[in-house]
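The structure appears right after this line, and notes come after that.
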Amino acid sequence: MIKSTFLVLMTLVLMLLTLGVQAERVENFVLLDQTGNAHELYYHQSATAIVLMSQNNLCPSTTNNVTAFNKLQEEFEQRNVRFFLINSTLKDDRSSVVAFVNEHAIQAPVLMDKSQIIGEALQLNLAGEMLVLNPNNWALTYRGDANPAAIRSLLNDQTTPSPIVAATNTAQVPAACKVDFPHKNTGHEISYAKTIAPLLRDKCVVCHTEGGLGPWAMSDYNMVLGFSPMIREVLRTKRMPPWHADPHIGAWKNDISLSTKQLQDLVHWINAGSPRGTGPDPLQQTKIANIEWPLGTPDLVLNIPAYTVPASGVVNYQFPTIANPLDTGVWIRAATIVPGDREVVHHILAGTIDTDTTQLRRDSGVFDNYLIGYAPGNESHTFPTDTGVYIPPGGEFAFQLHYTPVGRETVDRSKIGLYFHTEKPKYFYRQDVVIDPTIKIPANISRHEQVAYYQFNKPALLHDLIPHAHYRGVASRFELLKQDGTREVILNVPNYDFNWQRSYAFVSPKSIEAGTKLVHTTWYDNSTANLSNPDPQREVPWGLQSWDEMLYGAFSYTFVDETTQAPIYDKILARVTQYVGFLDKDMNGKLSWRELPKQLKKRLVQGFKAVDTNGDGGLDIQEMYEISKRQQQHNQDGEKQENVDAR
Ligand code: HEC
């Protein structure tokens, strides 16, 4: 009797185990590779199979496995199988992995899993261990040595792949080849009251509160418990908190990301079943203090025109303007935005447009003076010490608003508060844009690159960067290219998200030598695999609307040698610099005949040699500037003549 009960029990246990093995589904994740590119597992749902191999620089036998892996990739890549290595060890870093990749001629990206949360979930044991996943249902169909049969079984039988889970014998392998997960099972020791709730309060509650932008409020333990699986998912896929800069590059004032330790704590705590533990619940006591003007009473408050946000649907970006009500010029030192309805106001960008700004420039959505980018947690912007933005009388204040409907119609009345310097500051806070209005993104392309630059003619300090693209923009980068040819990445946004327009403010301003180019690159995914793509069949031009695209990188800076007593900024020169920066495709600092746009070619058919004053066969910024000034003079004379004629 006892024996048979035991047998039944054992059978049940075995059945459960087998079921467990068959049903082992790999959850989605996003990881950055050794070069800082992002990879999302579920992006590859149209692949025939996904092959993942655990990699580790120090394990001697990895070499053999990697050689086998490379061979498999050569053999199966043509058949729409995708290959990735994953490095979950704590000992390797990007540069050692880059060296390893070069040494072993690896083509596949190496996914860097520094927090180990993905490697733990995949239950990696050894370097060189290969996993095969079926993208139809994300089931793990194989774990073991590099083995072509494991891939073939998926290619030949898409519907019912048989699990070939090989047992891995870890007893024989050298220690260097084992993947160690020291924190894996520590979740039950993590205190909700002391660690988890304070973390959520600091990093999430600003949006996830009653009446906040987040879709649910972290109002107490039970809410967090209920949302735990979803929290783990948004952490694995780097969706939350909404901060998209590569943590390896730069230090940012307004960084709202989690540290590796915080990420591990949160995931391990959830893995352990989100235990409540003891102590009062800090989230129950959290009330977001709602101080309307945290910087004090503003010198000027402007009401942004009210907007009725519908209950549902997609609301196009709004671009209201307000005529400047001031009759004297002012120096702005800071600004605060107070959203009218926090639940629907996703972000607001604010700036001013000068009276003499052309329609073309207005239509491109460019501010002459940028003031502030609001997102929850980024309510105020104080310019660097002793810098200011001068707003001349006339002109207008301009805004870009993004609303997200929440199921009820509401009227948003947001406002901006401005703070003036009492005395003229010493420096100008300047803003310009790397732009390319000539972009064309081919149809059905999964990674299309567009590059432009802005060359500084004087030494400067860089304060903020704002990458901007639309629904097809997937990654963005800013680099400094010095005159000696050295390059430095200063901001990498590997998983750009149109829904989150962010500025990235340097903790300490970045020094720029005269002659340095600020190079801005954006990658666009115009394929069907990009789920937010409005139309993969279309060749996409530049345009303000979100179904068109932009290469647009805004930046703010001060010139080291410019004081407000002695301005050196030249608006025409700035425009010419922008212009050369997108026409100069080979980035050699001058426009060859081939790089000139048609119109200019027509005008210079006879005169190219004359305007190429240094005779080097190309038109540099200075030479283009001379042409531009002459043109400007010509236009003004023309206008005067017209005025005379009109009388
Ligand atoms: C700047 C505001 C903001 C911050 C900070 C923020 N969230 Fe969110 N969160 C949102 C918004 C808006 C959404 C819904 C839209 C989206 O998913 O992008 C969301 C969605 C979510 C979802 C998914 C809900 C769903 O229905 O899909 C989870 C889970 C979540 N957030 C958890 C977190 C956690 C955990 C943190 C902190 C580590 C955090 N959020 C920080 C604004 C924020």
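None of the values given here were measured: they were computed from a predicted structure. Atoms within a ligand are numbered from 1 in the order they appear, just like the ligands themselves. Here, residue 1 is the first one in the sequence, and each next residue gets the next number.
- For atom 36 (C) of ligand 1, the nearest non-hydrogen atom from the set Cys204, Pro376, Ala375 comes from Cys204.
- Atom numbering of ligand 1 starts at 1 in the shown order; those under 4.0 Å from a heavy atom of Ile231 are 29 (C), 35 (C).
- Although no hydrogens or angles enter the test, the distance criterion places no donor-acceptor pair under 3.5 Å between the side chain of Asp180 and the main chain of Pro182.
- Here the heavy atom of the protein found nearest to atom 22 (C) of ligand 1 is Trp216 NE1, 3.8 Å.
- The protein heavy-atom contact nearest to atom 26 (O) of ligand 1 is Met230 SD, 3.8 Å.
- The proximity of Val234 to ligand 1, defined as any non-hydrogen pair under 4.0 Å, is limited to the side chain.
- Not less than 6.0 angstrom separates the ring centroid of Trp547 from the ring centroid of Tyr471.
- Closest protein heavy atom to atom 11 (C) of ligand 1: Pro215 CD, 3.7 Å.
- You'll find the side chain of His463 reaches within 4.5 Å of the side chain of Tyr429, heavy atoms only.
- The protein non-hydrogen atom at the shortest distance from atom 33 (C) of ligand 1 is His208 NE2, 3.5 Å.
- Heavy atoms of Leu213 come nearer than 4.0 angstrom to ligand 1 in at least one pair.
- There is no protein heavy atom closer than 4.0 angstrom to atom 15 (C) of ligand 1.
- Arg502 places a side-chain N or O within 3.5 Å of a backbone atom of Pro242 that can act as its donor or acceptor partner.
- One distance of note links CZ of Arg472 with CG of Asp535; it measures 6.5 Å at 0.5 Å rounding.
- Proximity annotation for atom 19 (C) of ligand 1: of Glu233, Lys203, Met240, Glu343, Met240 comes nearest, heavy atoms only.
- Heavy-atom proximity to Met218, at under 4.0 Å, picks out these atoms of ligand 1: 33 (C), 34 (C), 35 (C).
- Judged by a 6.0 Å distance limit and a 45° cone about the ring axis, Arg276 is not positioned over the six-membered ring of Tyr192.
- Here Gln262 has no heavy atoms under 4.0 Å from ligand 1, in either its backbone or its side chain.
- Between the side chain of Ser476 and the main chain of Thr522, no donor-acceptor pair closer than 3.5 Å is present.
- With 3.5 Å as the limit, one finds no donor-acceptor pair spanning the side chains of Gln431 and Asn369.
- Among protein heavy atoms, the minimum distance from atom 2 (C) of ligand 1 is reached at Cys207 SG, 1.9 Å.
- For ligand 1, one of its N or O atoms has an N or O atom of Arg239 under 3.5 Å away.
- Note that CD1 of Ile445 and CG of Asp525 are 9.5 Å apart. Values are rounded to the nearest 0.5 Å.
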